[in-house]
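The analysis underlying the following values was restricted to heavy atoms, covering all of them including side chains, and did not include hydrogens, waters or symmetry mates. Labels below follow one simple rule: chain letters A, B, ... track the order of the sequence lines, proteins then strands, and each chain is numbered from 1.
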Amino acid sequence: MDIVTAHDRPSTPQEAIGIQETLRDLVELEDRCPQEIVTVTGLDVAYDEDSGLIAAAAVTLEIDGFRVVEKRTVVSRISFPYEPGLFAFRELPPLLDALRALDHVPDLLICDGHGLAHPRRFGLACHVGVVTGLPSVGVGKTRFVGEHDEPGSERGSRTPLLDDGDVVGAVLRTQDGVKPLYVSVGHKISLDNACRQVLRLCPAFRQPETTRQADRLARDALKEAL
DNA sequence: GCGACAG
DNA sequence: ATCTTGTCGC
């Protein structure tokens, strides 16, 4: 897969913020993904702070049946400190390497982190979407920005995530009585469609099947590299 | 000044 | 993210 990038390795936080403020104007919030989504790629990373290693994984599944189409892992060095709001610059380099290694271009990317639900409306999911040009969705496990009511306890219930008067995402219950997920638009997809696809990916567990598999792959790759 | 703060 | 005992609920 071809990826044009030159804006993923800033040397200072100030520079990183500048990159986000420049790229955020390229985010497309309309549905520009295929009408029928067939393949979905899950992205995740695992860290080992002691060795300074980071492992990234990209797993492409057929959304209907979850058959594995292909999977790639990359292990490299951590190149940016963790900082809320800038954490994409930590995960982006290895994630893009993993995506570049894919042979098949997926219909949608599922990121482990927020998209628009970010202080500058440009979280990891937006960044990955913009630099790849692919539709992307951000799925967070905890709140980063915004306020919301508690969604109903049944799977599929959702409430809007509001920040500064903007609907920046949705708090979506993916399993009955289980802690909800924070879904936000990354790129080229509407919030409604994003929630619909995430629900399809969560038939039995809280987290999307794509994220679960990517998480496991990244951990295994990291363990293997130690 | 005092919290809050994706992974 | 990762570490990591005990503990609550079904």
Visitor: Would you kindly give the CZ-to-C1' distance between A:R216 and C:dA1, to the nearest whole Å?
Guide: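 These atoms are roughly 19 Å apart.
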Visitor: Ignoring backbone atoms, test whether A:T142 places a side-chain nitrogen or oxygen under 4.0 Å from the OP1 or OP2 oxygen of B:dG7.
Guide: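 For B:dG7, OP1/OP2 do have a side-chain N/O of A:T142 under 4.0 Å.
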Visitor: Between A:E91 (CD) and C:dT2 (P), how many Å, whole number?
Guide: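 In whole Å, C:dT2 P lies 10 Å from A:E91 CD.
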Visitor: For A:V130 and A:L23, which heavy atoms make the closest approach, and how far apart are they?
Guide: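 For A:V130 and A:L23, the tightest heavy-atom pair comes out as CG2-O, 4.3 Å.
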Visitor: Using whole Å, what does the distance between atom C1' of nucleotide B:dG7 and atom CD1 of A:I78 come to?
Guide: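 So the two atoms are 11 Å apart, to the nearest Å.
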Visitor: Any idea which heavy atoms bring A:F144 and A:A117 closest together, and the distance?
Guide: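 Minimum heavy-atom contact is CD2-O, 3.8 Å.
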Visitor: Would you call A:E150-A:R173 a salt bridge at under 4.0 Å N-O?
Guide: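 A salt bridge is present here (some side-chain N lies under 4.0 Å from a carboxylate O).
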Visitor: Are any of the side-chain nitrogens in A:D97 or A:R100 under 4.0 Å away from the carboxylate oxygens of its partner?
Guide: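 The answer is yes: the pair qualifies as a salt bridge.
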Visitor: In whole Å, what is the span from the NE2 atom of A:H118 to the P atom of B:dA6?
Guide: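 In whole Å, B:dA6 P and A:H118 NE2 are 11 Å from each other.
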Visitor: Just compare C:dT2, B:dC5, B:dA6 and give me whichever is closest to any side-chain atom of A:A46.
Guide: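 Nearest nucleotide to the side chain: C:dT2.
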Visitor: Answer with base, sugar-phosphate or nothing: what part of the nucleic acid does A:A117 contact at a heavy-atom distance below 4.0 Å?
Guide: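 No contact.
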Visitor: Taking atom P of C:dA1 as reference, at what distance in whole Å does atom CG of A:L95 sit?
Guide: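 In whole Å, C:dA1 P lies 13 Å from A:L95 CG.
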Visitor: Side chain of A:R219: nearest nucleotide among B:dG7, B:dA6, C:dT2?
Guide: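 In terms of side-chain proximity for A:R219, the closest of B:dG7, B:dA6, C:dT2 is C:dT2.
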Visitor: Do A:R212 and A:F66 meet the cation-pi criteria used here (NZ or CZ under 6.0 Å from the six-membered ring centre, within 45° of the axis)?
Guide: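 No, A:R212 and A:F66 do not form such a contact.
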Visitor: A:F89 has an atom CZ; how far is it from atom P of B:dG7, in whole Å?
Guide: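 In whole Å, B:dG7 P and A:F89 CZ are 17 Å from each other.
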Visitor: Using the ring pair (Phe, Tyr, Trp, His ring centres under 6.0 Å) rule, collect all pairs that involve residues 203-226 of chain A, keeping only residues at least two apart or in two chains.
Guide: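 Found none.
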Visitor: Given the rule that a pair is Watson-Crick or G-U wobble with both distances under 3.5 Å, how would you write DNA chain B in dot-bracket, using | for pairs to a different strand?
Guide: .......
Visitor: Using a 4.0 Å heavy-atom cut-off across all strands, classify A:G138 as base, sugar-phosphate, or nothing.
Guide: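 Touches nothing.
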Visitor: Would one find a side-chain N or O of A:Y82 under 4.0 angstrom from OP1 or OP2 of B:dA6?
Guide: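 Answer yes for this pair, as a side-chain N or O of A:Y82 is under 4.0 Å from OP1 or OP2.
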Visitor: Tell me what A:G123 touches on the nucleic acid: a base, only sugar-phosphate, or nothing, going by heavy atoms under 4.0 Å.
Guide: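 Touches a base.
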Visitor: Salt bridge or not between A:R196 and A:D192? Use side-chain N to carboxylate O under 4.0 Å.
Guide: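 The answer is no: the pair does not qualify as a salt bridge.
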Visitor: Just to confirm, is there a sub-4.0 Å distance from OP1 or OP2 of B:dG7 to any side-chain nitrogen or oxygen of A:K141?
Guide: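 Answer is yes, contact under 4.0 Å.
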Visitor: Contact between A:D215 and A:D112 at the side-chain level, heavy atoms closer than 4.5 Å - yes or no?
Guide: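 Of all side-chain heavy-atom pairs linking A:D112 with A:D215, none is under 4.5 Å.
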Visitor: Calculate the interatomic distance between A:F87 atom CZ and B:dA4 atom C1'; express it in whole Å.
Guide: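 Rounded to the whole Å, the gap is 17 Å.
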Visitor: Need one value for A:L222: base, sugar-phosphate or nothing, where a base atom within 4.0 Å counts as base even if backbone is also close, heavy atoms only.
Guide: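 If one applies the 4.0 Å heavy-atom cut-off, A:L222 turns out to touch nothing in the nucleic acid.
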Visitor: If only side-chain N and O atoms of A:R90 are considered, is one of them under 4.0 Å from the OP1 or OP2 phosphate oxygen of C:dA1?
Guide: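 The answer is no; no side-chain N or O of A:R90 sits under 4.0 Å from OP1 or OP2.
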Visitor: Mind calculating the distance between NZ (A:K179) and P (B:dA6) to the nearest angstrom?
Guide: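 For the pair A:K179 NZ and B:dA6 P, the rounded distance is 11 Å.
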Visitor: Would A:Y47 count as stacking on C:dA1 if stacking means ring centres less than 5.5 angstrom apart and planes tilted under 30 degrees?
Guide: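 No, A:Y47 does not stack on the base of C:dA1, since the centre distance and plane angle fail the 5.5 Å and 30° test.
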